[in-house]
Number of protein chains: 2
Amino acid sequence: MIRLAIIGSTGSIGKQCLEVVDKLGKDKIEIVAMTCGYNLELFKKQIQKYRPEYTASMSDREDISENTNHFTGEGGIKKAIQISDPDYIMMSVSGSIGLKYSLFSLDYCKRLCLANKETIVCGGGYFLNKAKMKKVKILPVDSEHSSIFQTLLGDVKPEEIFLTASGGSLRDKNPEEIQNATVNEVLKHPVWSMGKRITVDSSTMVNKGLEIIEASYLFDFPQEKIKTYICRNSFIHGGVKFIDGSMKFHIGKPDMKLPIAYSLTYPERVVKEEGINNLDELNLNLEKIDIKKYPSLKIAREICGIHSLQIAYNAADEEAVKMFLNNKIKFGQISVIISKTLDRIPELNNLNYNDIFKIENTARILANEVNL
Amino acid sequence: MIRLAIIGSTGSIGKQCLEVVDKLGKDKIEIVAMTCGYNLELFKKQIQKYRPEYTASMSDREDISENTNHFTGEGGIKKAIQISDPDYIMMSVSGSIGLKYSLFSLDYCKRLCLANKETIVCGGGYFLNKAKMKKVKILPVDSEHSSIFQTLLGDVKPEEIFLTASGGSLRDKNPEEIQNATVNEVLKHPVWSMGKRITVDSSTMVNKGLEIIEASYLFDFPQEKIKTYICRNSFIHGGVKFIDGSMKFHIGKPDMKLPIAYSLTYPERVVKEEGINNLDELNLNLEKIDIKKYPSLKIAREICGIHSLQIAYNAADEEAVKMFLNNKIKFGQISVIISKTLDRIPELNNLNYNDIFKIENTARILANEVNL
């Protein structure tokens, strides 16, 4: 029986995690804590169904449920993590607050299922060293990283890793159309249904940039050996190439529930899914990424391994995406804001906890001050 | 330092094994014994280059080399296996004599690298139980089985296995053209350059049928869950699907040296090959196999798991291929000979050593007696 805490149960990953929990069944997994930000309406329904002993939310409303010990605020979420004594924690909040919770979680669980990019991108070596020291197993929940994790099982260190990208909603537009793409155009993702920021990040490929950085840390691998391709239907998730030229590809339906379930059941596979039956009907082709269309992807490769710039890259993008969604900047200006913010951040490594969050704040401020 | 005996060094796999040995280098591998059938001209050159202490051939000529202890005949080959004290044995002879040597080898090595189909197809459970008892590790050298072996590393038992076939030289012909295909047409294999029998067996898909049987024994897997597809360029070698819908594909250039090297270096990968660099230039599509074009493939599935019929299937095919290559029968009659031979063989399992070779001889005689 796994005792699971879900941090961020009302988000896209959190909701899908609950579907996986349903499939696993009550004899295999128990939700001991559940937390959310501000979506209390959904949260209350979730609590009613799953009845965790401990809950928490960022909202300061305390009348959540009669059947749970409820805490509020960042401290309340940490308290729920601590007091519920989980085996595994599903870290499915978005944003850099996730890094704080992930770091805190290392003291209170055996396995951290990681759907929060900032934990690795902003936590960098600081986070991973701590996880190693505390002997907490990190299971990636991103479909790309889960696929690489799976293809590496039982084998030697690879020579190359590759990740795929859908190419986002603008993949077939020309550079000028991309420059001026509207919010509505950008939010129509061709494959995945996700939150707004990550949908925009798919179109700029900031998302893929963050994933390259994550993969580089998670698999201790140089970014230049992490290749990226477009896979239009997202059936090929990722793979590896070994020194002898052998390659292993991880292939399946694009469904986040698979990597979520895997992160919970590894090394077993438990959740039954039909998957793809007729391999002859699959289109398995990969395409080169036209780097000119995705300047932010190029930037990510340049800063990969420079901890301070990784933090700034993520923060500046988050700010720029907000501006774009509020119609304050053009789509094509997102990468300009990232680039100009990075120009003003010193290149620093070996950061500690305070440094990380200071640099993040500074980057957010600088991003908002960029002269376009 | 691996002490290697190569049984069948002058055949297609044997020659490529020597290339792999060259790449591995003298500090990693030493050839302690080498045997061949009758190709003494090439064998002498190989001996001169690799200088094994013990050699043997089926030919009774004894003036092979001054620098080696040479033995002759089947007994001589066994003697070379025994006396050379190898760690690993590469079993690269073709035909059912390979089963005899494989069984004998189980007493004299830690690892058997198996390129001889008959060892599994005709040896069946008798062979594999013995290997298990003697704790000899069986490493498949066939590219398909090596690929499945590799995709299974570190993971759970799969729900499905799949093998690919090039489709052979007649893959784009219509049934009537196939029926009457000439020897020259059949021997033009689109991808692999191999011996004559296996090239014919590719076009009839008897080869794929034998591989289904082999996979079923090697991976303890029911034949109906072993799927087959055509992969025109043979870049996809095989793969597995798990209960959660995840699939792993093994992909690479069609080059027998890869599975040969892997069988020698597992669990490491040592022999450097550039492999495929631009995944976007790969055509990774799979095609359904039109079973009507390949009646022998259907027969293989029907008899998989019935030991006596597996032996007869292989023996009848070998006889039929000889007849076809000598222009005594039409291409389309190969499957008829197999089918009519099988009709006259009783369905037996739990065979012992003598049974196996008796059934084989009977099947050969019956195959030659088939009224077309």
Side-chain angles (χ1 to χ4, degrees), chain A residues 20 23 146-147 150-160 162 164 227-231 235-237 239 241-253 255 257-259 261-262 265-289, chain B residues 20 23 146-147 150-160 162 164 227-231 235-237 239 241-253 255 257-259 261-262 265-289:
Chain A
V20 170
K23 289 196 172 191
S146 178
S147 75
Q150 291 176 49
T151 48
L152 283 173
L153 285 177
D155 219 313
V156 301
K157 199 168 173 91
E159 287 297 296
E160 260 178 40
F162 76 92
T164 59
K227 312 286 181 185
T228 46
Y229 294 93
I230 286 179
C231 179
F235 277 83
I236 304 175
H237 307 136
K241 177 176 158 186
F242 298 101
I243 191 167
D244 63 359
S246 285
M247 295 190 291
K248 289 183 189 172
F249 282 34
H250 186 273
I251 292 171
K253 286 187 181 165
D255 180 351
K257 288 194 283 297
L258 296 184
Y262 191 70
T265 64
Y266 161 86
E268 299 302 320
R269 298 176 184 271
V270 176
V271 177
K272 200 177 157 86
E273 292 286 346
E274 202 185 339
I276 299 159
N277 283 321
N278 298 312
L279 301 189
D280 51 291
E281 288 167 13
L282 269 177
N283 178 347
L284 288 177
N285 293 329
L286 297 170
E287 297 171 25
K288 257 203 184 74
I289 292 177
Chain B
V20 170
K23 289 195 172 190
S146 178
S147 76
Q150 291 176 50
T151 49
L152 283 173
L153 286 178
D155 219 312
V156 300
K157 199 166 172 96
E159 287 298 295
E160 259 177 41
F162 75 91
T164 59
K227 313 284 181 186
T228 44
Y229 293 93
I230 286 179
C231 179
F235 277 82
I236 304 176
H237 308 136
K241 177 176 158 186
F242 298 102
I243 191 168
D244 63 358
S246 285
M247 295 189 291
K248 289 183 189 172
F249 282 34
H250 186 273
I251 292 170
K253 286 187 181 165
D255 180 351
K257 288 194 283 297
L258 296 185
Y262 191 71
T265 64
Y266 160 85
E268 300 301 320
R269 297 176 184 273
V270 177
V271 177
K272 201 177 156 86
E273 290 288 344
E274 202 185 338
I276 300 159
N277 284 320
N278 298 312
L279 301 189
D280 51 290
E281 288 167 14
L282 268 178
N283 178 348
L284 289 177
N285 294 329
L286 297 171
E287 297 170 26
K288 258 202 184 73
I289 292 178

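So you know, we letter chains A, B, ... as the sequences are listed, proteins then strands, and number each from 1.
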Side chains of [X] and [Y], heavy atoms from C-beta outward: is any pair under 4.5 Å?
X       : Y       : answer
K248(B) : I251(A) : no
L279(A) : M247(B) : yes
D155(A) : R269(B) : yes

request  = Step by step, work out the side chain to side chain contact (heavy atoms under 4.5 Å, CB included) result for L286(B) and N278(A).
outcome  = CA-CA 9 Å; L286(B) 297 171; N278(A) 298 312; over 6 Å; no
task = Answer with side chain, backbone, both or neither: which region of F162(B) has an atom nearer than 4.5 Å to a non-hydrogen atom of chain A?
result = side chain
How many angstroms lie between atom [atom1] of [X] and atom [atom2] of [Y], to the nearest 0.5 angstrom?
X       : Y       : atom1 : atom2 : answer
K227(B) : D280(A) : NZ    : CG    : 11.0 Å
L153(A) : L153(B) : CG    : CG    : 9.0 Å
S246(B) : H237(A) : OG    : NE2   : 7.5 Å
D244(B) : K23(A)  : CG    : NZ    : 10.5 Å

task = Decide yes or no on side chain to side chain contact (heavy atoms under 4.5 Å, CB included) for F249(B) and L284(A), but give the supporting numbers first.
result = CA-CA 11 Å; F249(B) 282 34; L284(A) 288 177; 3.6 Å; yes
inquiry  = E274(A): which residues meet the side chain to side chain donor-acceptor pair (under 3.5 Å) condition with it, sequence neighbours left out?
reply    = N277(A)
Heavy-atom distances under 4.5 Å only: say whether [X] touches chain B with side chain, backbone, both or neither.
X       : answer
Q150(A) : both
E268(A) : both
N283(A) : both

ask   = What residue, out of E160(A), H250(A), K257(A), has the most heavy-atom pairs lying under 4.5 Å from chain B?
value = H250(A)
request  = Please say whether more than 12 non-hydrogen atoms of neighbouring residues, nucleotides or ligands are located less than 6.0 Å from NZ in K157(A).
outcome  = yes
query = Backbone N or O of I276(B) within a donor-acceptor pair of the K241(A) side chain at under 3.5 Å?
reply = yes
task = Between chain A and each of K272(B), K253(B), E287(B), count heavy-atom pairs under 4.5 Å; write down the option with the most.
result = K272(B)
